[in-house]
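Below, chains carry the letters A, B, ... as their sequence lines are ordered, and counting in each starts from 1. Treat the numbers as computed from the prediction; the structure is a model and nothing was measured.
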Amino acid sequence: MELFGIFFSALLINNILLIRFIALCSFFGVSNKIDTSIGMSLAVIFVMTISSAVSWALFHFILAPLHLEFLRTATFILTIAALVQLEELYLKKMIPALYRAMGIYLPLITTNCAILAVAFLAIDYRFNFQQAMVYSIGVSLGYSLAIVLFAFIRERMALAPIPKWFEGYPIAFITAALMSLAFLGFTGMFGL
Amino acid sequence: MVILISILVLGLIGFIFAALLGLAAGYFKIEEDPRLATILAILPGSNCGACGSAGCHDFAEKLIKGEVLVSGCLAGGEEVAHKLAQVMGTEGLVIHKRLATIHCGANEKVRTKRSNYSGIGTCAAANLIDDGGLNCKYGCLGYGDCFCACPFDAIRMVDGLPVIDPEKCTACGKCVVACPRAIISLRPYANPVWVACNSRDPGPVVRKICPVGCIACKICEKLVPEVFKVTNNLAVMDYTKTGINCDPAIEKCPTKCILKL
């Protein structure tokens, strides 16, 4: 039940894009087309899960025993960058189809703040390993949900008669704000 | 002391990751055909997909495997095919360059309308509703779907009618697919003459609604029978026959719907 609560809190109630406003650059950058947003979502789910697992282990087995908690920013950035490189090498050799499907998004994710944020939050919330995994899967699915929904809306908007001064990013920001309001409606569900 | 430990720990973590990456780079090494990079450099790189492969990289891989021919890159045309032939060692092929052709000559000023269309501004959408308001159900709608589809900037819209730039056009065929009325086709570059009409309406109907449409008078067929043939109320050219003088037909065509570059 607790894991269920963590999962839905990460997915909907504290949606990383629409409620926490983290990783907004990719939210606006790659939501022009549904295809690209799905590619980005897949890459985020993949990288976020693995990197939060490794950074959790690093923090609890290396940094915490040595009382070096203040080093976590540097360590996590190092970890994520190296991990993405490793994953890229592995995918290129073993699953070239998936590698090509993710394309440019995999290296792009190295600098995505959502990945770092999840690694931090999992530690700030004092999650154990199981909880941290459920949390990061929830967050990455929440990211996918928000960006794919947004891409659907933006594809519709490309054909809609929008006033000249709202075309492009202004209307995208207004839409994002309205989606954010809609997601606020989840607050208080499951007693969270 | 703390500073020393932190430097040590961070350095160690960094070193471990570096070592891991180094090992992985060796372990996951992929043997790439050395010709792949050369072929990719020759290909246009616009990933237009006209060859039927999923982008230039896919085409290059298939070419090395021998699944496609050097002439398969439509966008690159003759020049690319010859260069590819050099890389692949299959020189001596003759490849004919082709060109997109607009089979309609009626611009905005000449088109007659029976209603005003004010929906979504694409040909595909306009074609669905009352023929986009045009009297002619075969001619150009003028919303520029082909213009938007062209990856090589070879189409200009002049008075609501697409005009092909013969030098920029690579005959990739994107516009042929984009046009909902199938007005565009590909003809050999060596042939400068084309029929700028697509209407299968009978002559009297065309005469009423379009001043530049083919009325199927068969004059061209009589003057240059080798090339022209009137079928389904439309003059059809055999574009593969080049080097035949079509000037008499162009001059005598009463509606001037046979054009020359």
Side-chain angles (χ1 to χ4, degrees), chain A residues 35-36 39 50-51 54-104 106-107 110 119 155-162 164 167, chain B residues 1-33 36-37 40 45 47 49 53-62 64-65 117-129 143-145 148-149 180:
Chain A
D35 297 357
T36 56
I50 295 175
S51 73
V54 174
S55 51
W56 188 92
L58 266 180
F59 184 85
H60 284 275
F61 296 128
I62 296 178
L63 297 185
L66 293 169
H67 302 291
L68 291 173
E69 284 90 347
F70 59 90
L71 268 185
R72 62 178 192 173
T73 311
T75 317
F76 287 178
I77 290 173
L78 194 68
T79 314
I80 293 165
L83 258 181
V84 173
Q85 288 293 315
L86 265 175
E87 282 160 13
E88 212 183 334
L89 283 169
Y90 175 79
L91 283 183
K92 205 172 179 181
K93 174 82 176 181
M94 298 301 179
I95 322 170
L98 189 63
Y99 173 76
R100 231 174 290 157
M102 288 189 185
I104 184 71
L106 204 53
T110 319
E155 280 205 351
R156 286 295 299 243
M157 280 197 308
L159 292 173
I162 295 162
K164 197 96 197 153
E167 270 174 16
Chain B
M1 193 59 200
V2 174
I3 295 173
L4 209 69
I5 293 177
S6 22
I7 291 172
L8 230 115
V9 167
L10 209 56
L12 211 69
I13 293 173
F15 183 78
I16 290 169
F17 277 126
L20 264 175
L21 273 178
L23 278 176
Y27 188 72
F28 294 126
K29 201 173 179 182
I30 298 166
E31 293 291 329
E32 269 192 349
D33 196 303
L36 192 68
L40 277 176
N47 293 322
S53 309
C56 291
H57 192 273
D58 196 33
F59 177 80
E61 279 180 356
K62 280 188 186 166
I64 287 170
K65 278 186 210 154
Y117 173 78
S118 61
I120 299 165
T122 65
C123 304
N127 192 36
L128 295 174
I129 301 164
Y143 292 99
D145 280 17
C148 296

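Interface remark: B:L10 contributes backbone and side-chain atoms alike to the contact with chain A (heavy atom separation under 4.5 Å). Both the backbone and the side chain of A:L89 come within contact range of chain B, with heavy atoms under 4.5 Å apart.
A distance of 11.0 Å separates CG of A:L68 from CD1 of B:I7, quoted to the nearest 0.5 Å. If you take CG on A:L66 and CG on B:L8, they are separated by 10.0 Å, rounding to the nearest 0.5 Å. Here the CZ-CD distance, from B:F17 to A:Q85, works out to 12.0 Å after rounding to the nearest 0.5 Å.
Taking a 6.0 Å sphere around CZ of A:F70, one finds it holds more than 12 heavy atoms contributed by other residues, nucleotides or ligands.
Between chain B and the options A:I62, A:T79, A:L63, the largest number of non-hydrogen pairs under 4.5 Å is found for A:T79.
Taking all atoms of both residues into account, the shortest heavy-atom contact from A:L86 to B:A24 is CD2-CB, 3.4 Å. Across all their heavy atoms, A:L58 and B:I13 have their closest contact at CD2-CD1, 4.2 Å.
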